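Worksheet: the structure to be examined is printed underneath.
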Amino acid sequence: MELLLADLDGNHRQVSTEHVIAATGYNPDVRRLSFLSPEIVERLQLIGQTPRLSSHFESSVAGLYFVGAISATSFGPTMRFVAGADFTSQRILKHLTHPSRRASFAVPHQANSMPGTE
């Protein structure tokens, strides 16, 4: 099989290969993210199986951001790839460092709130 590839500068190259794998069909589902508690998932506003995100990638749970493939429903297919990382990181950084958000970073101290901190 011969593939003709083009880069962003318009340069072309031909590649000979025996197989081509198209990684399609992955369906992000916030409920499969095992690091999120059921209580957090319950509080999320969803579009299908993915979180509804603000223009800053923030979910309906304040301070919880989603990036990568799970953000593609809100921001488009480019978010599935590393190519979207620069846009994403700049958008979140700008939001997190905005002066109006600084007060929300205070986390109340709770004794023994973390395992191993007794």
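The shown structure was predicted, so the numbers you read here are calculated from the model rather than taken from an experiment. Worth knowing before you read on, the calculation uses all heavy atoms, side chains too, and leaves out hydrogens, waters and symmetry mates.
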For this session: Decide side-chain contact (heavy atoms from CB on, under 4.5 Å) for F66 and L33; before the verdict, give the C-alpha distance in whole Å, the side-chain angles of both, and the deciding distance to 0.1 Å.
Result: CA-CA 11 Å; F66 288 88; L33 300 176; 3.8 Å; yes
For this session: Evaluate the side-chain proximity of L36 to V30: yes if any heavy-atom separation is below 4.5 Å, no if none is.
Result: yes
Problem set entry | Short side-chain to backbone donor-acceptor contact, S71 and G68, under 3.5 Å | yes
Seminar exercise, completed: Heavy atoms of H56 and R91 approach each other most closely as CA-CG, 3.8 Å
Exercise. Is there a donor-acceptor pair closer than 3.5 Å between any side-chain N or O of S60 and the backbone N or O of R43?
Worked result: yes
For this session: Check for a donor-acceptor pair, side chain of S59 on one end and backbone N or O of Y65 on the other, with a separation under 3.5 Å.
Result: no
For this session: Ignoring hydrogens and angles, tell me if any N or O in the side chain of S74 forms a donor-acceptor pair with the backbone of L53 under 3.5 Å.
Result: yes
Exercise. How would you list all residue pairs meeting side chain to side chain donor-acceptor pair (under 3.5 Å) that involve residues 8-22, not counting sequence neighbours?
Worked result: E2-Q14, E2-S16, D7-N11
Seminar exercise, completed: dist Q90:CD -> T88:OG1 (nearest 0.5 Å) comes out at 10.0 Å
Exercise. With hydrophobic residues grouped by side-chain heavy-atom distances under 4.5 Å, do F87 and I70 end up in a single group?
Worked result: yes
Exercise. Once the angle between the rings of F75 and F57 is folded into 0 to 90°, is it parallel (under 30°), tilted (30 to 60°) or perpendicular (over 60°)?
Worked result: parallel
Exercise. Taking side chain as C-beta onward, heavy atoms only, is L64 less than 4.5 Å from L44?
Worked result: yes
Problem set entry | From CZ (F35) to CD1 (I40), nearest 0.5 Å | 11.0 Å
For this session: Please round to the nearest 0.5 Å and tell me the distance separating atom OG of S54 and atom CD1 of I92.
Result: 9.0 Å
For this session: Can you tell me which residue pairs pass the side chain to side chain donor-acceptor pair (under 3.5 Å) test with a partner in residues 27-39, sequence neighbours excluded?
Result: D29-R31, S37-E39
